[in-house]
Amino acid sequence: MNSDTELAPAVESILEAARERSGGEGVVDVDARSLSDALADAEAEGRVPVIAEVKPTSPTADGTRADDPVELARAMVEGGAAAISVLTEPTHFGGSPEALSRIRAAVDVPVLRKDFVLEEAGMDVVEADLLLLIARFVDDLEALVTAARERGFQPLVEVHDRAELETALEAGADIIGVNNRDLARLEVDLETFESVAPEAPDDVTLIAESGVSSPADARRMREAGADALLVGSAIMDHGAGDSDVTANTRRLTRAESSTTSETTRAYDGETQT
Ligand SMILES: O=C(O)c1ccccc1NCC(=O)[C@H](O)[C@H](O)COP(=O)(O)O
């Protein structure tokens, strides 16, 4: 654990729960769907590459969505999502490895397992195309990146600042997510990505995580160098309960389709800003 900074009580609780969860039996062997191919396909078709997140709830969500996770994932793909992220953490996010398995069987895009994997055994819970590793929370990132690749996962290493970006690069990460949500107050600030992105080498696949809530935010992150956007809350729209997940995804995947200025415009009957 590389955390010498303050963590929000919810994050402490998430980590405690992660330490108590058991790993899988045996070692998984994944035949992964390529994220870079999926992102290239989206770009070629004029879609903003969005990794849409099935996130039933979270410590900062204003509600819970009890919809079938498979239906949510299908709706996201219909809205143009290049890949799906699935929270498998059960206690604070309402997720499960079973939901991820069902989703991966139902869609043909890459699926990211988003969880708090702290050690190697935690990788063997379920097959996924990508596996999240959070730089701040693991002791030997390089060993975990290697262990993930040995299993066939594409490791996505999450960082929050330039020092963690350096750690991720030294560990050999080539897919890096910069999380705009700080772990002390759980507030989002898109400037986090903007300050870290210029330091990343061009050959890294760079993902802007958290806090993207509008087409304007999507364009802002893309202009700052994001190869893809990881979006949960704005698509799940927890407070609304029955909000249209396909439409919520589409307004982000089409954020670059009709833009000539940053002025407000009508798009598919919705107001886009
Ligand atoms: O989302 C939370 O409330 C949260 C709280 C504590 C630790 C992590 C948390 N989220 C994990 C994520 O990284 C996000 O689910 C993901 O980046 C999507 O973010 P958003 O689009 O802002 O929902």
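Atoms within each ligand, like the ligands themselves, are counted from 1 in listed order.
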Subject >> Given T91, D115, T88, the one that forms side chain to side chain donor-acceptor pair (under 3.5 Å) with R21 >> reply: D115

Original post:
Counting only heavy atoms not in E199, do more than 12 fall under 6.0 Å of its CD?
Top reply: yes

Are any protein N/O atoms closer than 3.5 Å to the N/O atoms of ligand 1? If there are, list each pair with names and the distance to one decimal place.
unit_1: ligand 1; atom_1: 1 (O); unit_2: K55; atom_2: NZ; d: 2.8
unit_1: ligand 1; atom_1: 1 (O); unit_2: R181; atom_2: NH1; d: 3.3
unit_1: ligand 1; atom_1: 3 (O); unit_2: S58; atom_2: OG; d: 2.9
unit_1: ligand 1; atom_1: 3 (O); unit_2: T60; atom_2: N; d: 3.2
unit_1: ligand 1; atom_1: 3 (O); unit_2: T60; atom_2: OG1; d: 2.5
unit_1: ligand 1; atom_1: 13 (O); unit_2: K114; atom_2: NZ; d: 2.6
unit_1: ligand 1; atom_1: 13 (O); unit_2: N179; atom_2: ND2; d: 3.1
unit_1: ligand 1; atom_1: 15 (O); unit_2: E53; atom_2: OE2; d: 2.4
unit_1: ligand 1; atom_1: 15 (O); unit_2: K55; atom_2: NZ; d: 3.0
unit_1: ligand 1; atom_1: 17 (O); unit_2: S210; atom_2: OG; d: 2.7
unit_1: ligand 1; atom_1: 19 (O); unit_2: S210; atom_2: OG; d: 3.2
unit_1: ligand 1; atom_1: 21 (O); unit_2: G232; atom_2: N; d: 2.8
unit_1: ligand 1; atom_1: 21 (O); unit_2: S233; atom_2: N; d: 3.4
unit_1: ligand 1; atom_1: 22 (O); unit_2: R181; atom_2: NH2; d: 2.9
unit_1: ligand 1; atom_1: 22 (O); unit_2: G211; atom_2: N; d: 3.0
unit_1: ligand 1; atom_1: 23 (O); unit_2: K55; atom_2: NZ; d: 2.6
unit_1: ligand 1; atom_1: 23 (O); unit_2: S233; atom_2: N; d: 2.8
unit_1: ligand 1; atom_1: 23 (O); unit_2: S233; atom_2: OG; d: 2.5

Subject >> Partners meeting side chain to side chain donor-acceptor pair (under 3.5 Å) with S243 (sequence neighbours left out) >> reply: D237, N248

**OP:** State which residues pass side chain to side chain donor-acceptor pair (under 3.5 Å) with S58; sequence neighbours excluded, sorted by chain then number.
**Re:** T60

Subject >> side chain to side chain donor-acceptor pair (under 3.5 Å) partners for S13, two or more places apart >> reply: H92

**OP:** Answer yes or no: does atom CD of E45 have more than 12 heavy-atom neighbours from other residues, nucleotides or ligands under 6.0 Å?
**Re:** yes

